[in-house]
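Numbers here simply count residues along the sequence, with the first being 1. Values below: all heavy atoms of this structure, side chains included; hydrogens, waters and symmetry mates excluded.
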Amino acid sequence: MSFVSDSYQVRVLDCISQSWMALAEKMAYKSPELRKRVEDYEILTGNAEQEVTQGEEICYYSDFDNDGETEEYKKSIWTTSSMGTVEHLSFSGKGDEVIGDILRNETNTPIMLWVDRERDENIICVMYLTGLYDYEIAAYLVQGKDYEQVYQVEGKGRIRAEIYR
């Protein structure tokens with residue numbers, strides 16, 4: 001017998017203002033599909049990111065800090081090779097200081113990030129794993145080295161047992 005998640009109970013946990021609520025609810029609606037894509041090790045690319053292949057590497061470009069200059073960075077899902085570690089987001093590149101601050105401020109494991117253009121500003125969306133099937137997605141508005149969380153969505157996996165035959 002094994003246990004699998006067959007659906008999610010999703011809700012908006014937090015939103016900075018009513019003006020951001022429609023976007024938070026939109027993210028809540030599409031978040032189960034995003035979780036499934038990350039579970040399949042797909043790198044998510046937001047509508048404010050450009051993906052460019054350079055030799056054998058893939059680089060991403062976006063103005064994620066809204067300063068008018070495009071940052072170059074790399075992102076991937078680091079996969080574990082032992083029981084003592086967990087899969088997580090690997091991020092490097094220009095601007096990694098502010099991203100590092102965002103990722104370190106959370107108690108959960110970051111697994112993916114992407115940058116979306118919303119309301120004439122770029123926001124960084126980060127998916128965190130909070131349990132075997134559970135996740136949260138938090139969106140941050142970055143201005144230079146300062147940032148604020150604009151919303152947070154939670155997805156709780158509904159588990160069912162499968163019997164092997």
remark   = Interatomic distance, CD1@I43 vs OG1@T45, rounded to 0.5 Å, equals 8.0 Å

ask   = Does any non-hydrogen side-chain atom of E148 lie less than 4.5 Å from one of I16?
value = yes

message = Less than 4.0 angstrom from a charged side-chain N to a carboxylate O is my criterion; do R35 and E136 meet it?
response = no

query = Y73 and F64: aromatic ring centres closer than 6.0 Å?
reply = yes

key: Nearest-0.5 Å distance that lies between atom CD in E154 and atom OG1 in T130   = 6.5 Å

ask   = Going by atom types alone, do Q152 and Y140 pair a side-chain donor with an acceptor below 3.5 Å?
value = no

inquiry  = Please determine whether residues Y29 and L34 belong to a single hydrophobic cluster, defined as Ile, Leu, Val, Met, Phe, Trp and Tyr linked transitively by side-chain heavy-atom distances below 4.5 Å.
reply    = no

task = Look up atom CD in E57 and atom NZ in K74, then write down how far apart they are to the nearest 0.5 Å.
result = 3.5 Å

query = For the hydrophobic clusters of this structure (ILVMFWY residues joined by side-chain heavy atoms under 4.5 Å, transitively), does one cluster hold both L13 and I123?
reply = no

key: Other residues, nucleotides, ligands: >12 heavy atoms within 6.0 Å of K30 NZ   = yes

query = Which pair of heavy atoms, one from G157 and one from D134, lies closest together, and at what distance?
reply = N-OD1, 2.8 Å

key: ring pair (Phe, Tyr, Trp, His ring centres under 6.0 Å) partners of Y151, counting only residues at least two apart   = none

remark   = Hits for side chain to side chain donor-acceptor pair (under 3.5 Å) against E121, two or more places apart or cross-chain, chain-then-number order -> Q143

ask   = Is the closest side-chain heavy-atom distance between Q149 and D14 below 4.5 Å?
value = yes

remark   = For G155 and Y8 the tightest heavy-atom approach is C-CD2, 4.2 Å

task = Could you grab the distance from atom CD of Q50 to atom CG of D63, nearest 0.5 Å is fine?
result = 13.0 Å

key: Worked check of side-chain contact (heavy atoms from CB on, under 4.5 Å) between V98 and Y147   = CA-CA 8 Å; V98 72; Y147 61 91; 3.9 Å; yes

ask   = Do R117 and N122 have side-chain N/O donor and acceptor atoms under 3.5 Å apart?
value = yes

task = Kindly give the heavy-atom pair with the smallest separation between C125 and I137, and that separation in Å.
result = CB-CG2, 4.4 Å

request  = Drop me the distance from K156's NZ to S7's OG, to the nearest 0.5 angstrom.
outcome  = 14.0 Å

query = Can you tell me if S62 uses its side chain to pair, donor with acceptor, with the backbone of A48 under 3.5 Å?
reply = yes

task = Could you tell me whether the side chain of I111 reaches within less than 4.5 Å of the side chain of L89, counting heavy atoms only?
result = no

remark   = Rounding to 0.5 Å, atoms CD1 (I77) and CD (E39) come to a distance of 10.5 Å

Close side-chain approach of Q54 and E72, heavy atoms under 4.5 Å = yes

request  = Using only heavy-atom distances, determine whether the side chains of Y135 and S31 contain a donor-acceptor pair under 3.5 Å.
outcome  = yes

query = Honestly, is K75 close enough over Y60, meaning NZ or CZ under 6.0 Å from the six-membered ring centre and within 45° of the axis?
reply = yes

key: Donor-acceptor pair, side chain of D67 and main chain of G144, under 3.5 angstrom   = no

request  = Locate the shortest heavy-atom distance separating G46 from D116; write the atom from each residue and the value.
outcome  = CA-OD1, 3.2 Å

remark   = Residue set satisfying ring pair (Phe, Tyr, Trp, His ring centres under 6.0 Å) with Y61, at least two apart, ordered chain then number -> none

remark   = For P110 and L103 the tightest heavy-atom approach is CB-CD2, 3.7 Å

note = On a heavy-atom basis, the closest approach of N66 and V142 is ND2-O, 2.8 Å

query = Do L113 and M127 come within less than 4.5 Å of each other through their side chains, counting heavy atoms only?
reply = no

ask   = Is there a donor-acceptor contact under 3.5 Å from the side chain of R11 to the main chain of A28?
value = no

ask   = Side chains of L44 and V38: closer than 4.5 Å at any heavy-atom pair?
value = yes

